[in-house]
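Here the structure comes first, spelled out in structure tokens, and everything after it is commentary.
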Amino acid sequence: MDNNEFLIPLNGLASGRKDFRWKADKEFFGSFGNADILDADLVAEVSAEKAGRSIDVDCRIEGTVTVRCDRCMEDLVLPVDSAAGLRVKFGDEPEGGEESTEDGREAIYLPSSDSNLDMRQVIYDYACLALPMQRFHEDGKCNPDVISRLESGISIQGTESQVNPFSALAGLFDGEGGRS
């Protein structure tokens, strides 16, 4: 992955709107150490609009990701359609719990010395948040062999004695006489 990808150059950004388009794939998610996403084919369309010292960024992420099905562990392709609205502010983030959203936009604070806005983390976070907590195929689409094994339950062959770690203490106070 090119180090200049996913960057919005803030220093040379002219007033008005500038559009960017990036692809996020398996390598992109792997760079974050995400082993849950097996493959990805996402497009992030970003527009940055500068008006004076204010920069508003709109990001739309669409495409598909491949994960494991929670039921049958087979590959599952899920659609992703997510949007983010950001407002870039320069300087230190205010203390005291000031509202981090303005006009429905999430505020991002950057040091005045930063010359680029790296969108990698934003794209990663919003793509992951677009995925459901439980990931499984529609009814009837899971691997039938796995489903039949799950429905039949698990049986344990043979007998296993119940081991009780407290059985050694069973006669501790029996016959010691004199204890009251």
Side-chain angles (χ1 to χ4, degrees), residues 1-138 141-142:
M1 183 172 15
D2 184 9
N3 286 336
N4 292 326
E5 277 189 306
F6 305 101
L7 294 179
I8 297 176
L10 299 176
N11 279 351
L13 194 62
S15 291
R17 183 177 157 162
K18 172 87 171 149
D19 294 325
F20 302 88
R21 181 181 168 99
W22 300 296
K23 289 186 69 72
D25 55 11
K26 179 181 180 176
E27 182 183 344
F28 174 82
F29 287 95
S31 70
F32 285 91
N34 188 324
D36 291 338
I37 296 179
L38 306 174
D39 199 5
D41 184 20
L42 298 177
V43 173
E45 294 179 341
V46 177
S47 67
E49 189 165 350
K50 183 175 182 180
R53 190 138 164 83
S54 173
I55 301 173
D56 288 343
V57 178
D58 292 307
C59 179
R60 181 74 182 222
I61 305 160
E62 293 181 294
T64 59
V65 296
T66 304
V67 295
R68 293 260 183 245
C69 173
D70 290 340
R71 284 188 198 141
C72 69
M73 300 303 291
E74 296 287 327
D75 287 357
L76 171 64
V77 178
L78 293 172
V80 171
D81 187 0
S82 184
L86 310 172
R87 176 153 297 143
V88 179
K89 294 184 169 197
F90 294 95
D92 294 330
E93 189 168 348
E95 295 180 25
E98 181 182 305
E99 190 68 28
S100 64
T101 59
E102 289 184 13
D103 304 328
R105 295 181 175 278
E106 181 181 350
I108 295 180
Y109 293 88
L110 296 176
S112 298
S113 61
D114 277 9
S115 59
N116 294 312
L117 174 61
D118 190 347
M119 291 294 293
R120 282 182 283 222
Q121 188 69 51
V122 172
I123 293 168
Y124 174 81
D125 289 345
Y126 278 88
C128 289
L129 287 171
L131 298 176
M133 291 291 289
Q134 295 180 333
R135 303 165 186 168
F136 48 84
H137 292 101
E138 296 176 19
K141 303 279 183 174
C142 280

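We number each residue from 1, following the sequence as shown.
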Review point. Do the two ring centres, one from Tyr124 and one from Phe29, sit under 6.0 Å apart?
Key: yes
Revision key, fill the gap. Nearest heavy-atom approach of Met73 to Arg68 is O-CD, 3.2 Å
Point to revise | Aromatic Phe136 / basic Arg71 pairing, under 6.0 angstrom, 45° off normal | key: yes
Check your understanding: Between the main-chain N or O of Asp75 and the side-chain N or O of His137, is there a donor-acceptor pair closer than 3.5 Å?
Key -> yes
Review point. Once you round to the nearest 0.5 Å, how far does NZ of Lys23 lie from CD1 of Ile123?
Key: 12.5 Å
Practice item. Apply side chain to side chain contact (heavy atoms under 4.5 Å, CB included) to Leu78 and Leu131, showing your working. Key: CA-CA 8 Å; Leu78 293 172; Leu131 298 176; 4.1 Å; yes
Review point. Cation over ring, Lys18 on Phe20, under 6.0 Å and within 45°?
Key: yes
Check your understanding: Are Arg17 and Glu49 close enough for a salt bridge, meaning some N to O gap below 4.0 Å?
Key -> no
Check your understanding: Taking Asp70 for the side chain and Gln134 for the main chain, is one N or O donor matched with an acceptor at less than 3.5 Å?
Key -> no
Check your understanding: Looking only at heavy atoms, what is the nearest atom pair of Leu42 and Ala127, with distance?
Key -> CD1-CB, 3.8 Å
Exercise for review: Indicate yes or no: does Lys26 engage Asp41 in a salt bridge with an N to O separation below 4.0 Å.
Suggested key: no
Review point. Is a side-chain N or O of Asn116 found less than 3.5 angstrom from the main chain of Asp118, in a donor-acceptor match?
Key: no
Check your understanding: After noting the C-alpha distance and the side-chain angles of Val65 and Val77, does the key distance pass the side chain to side chain contact (heavy atoms under 4.5 Å, CB included) rule?
Key -> CA-CA 6 Å; Val65 296; Val77 178; over 6 Å; no
Point to revise | Presence of salt bridge, Lys50 and Asp56, under 4.0 angstrom | key: no
Check your understanding: Are the side chain of Asp25 and the backbone N or O of Glu27 linked by a donor-acceptor pair below 3.5 Å?
Key -> yes
Review point. Taking all atoms of both residues into account, what is the closest heavy-atom pair of Val67 and Arg135, and its distance?
Key: CG2-CD, 3.9 Å
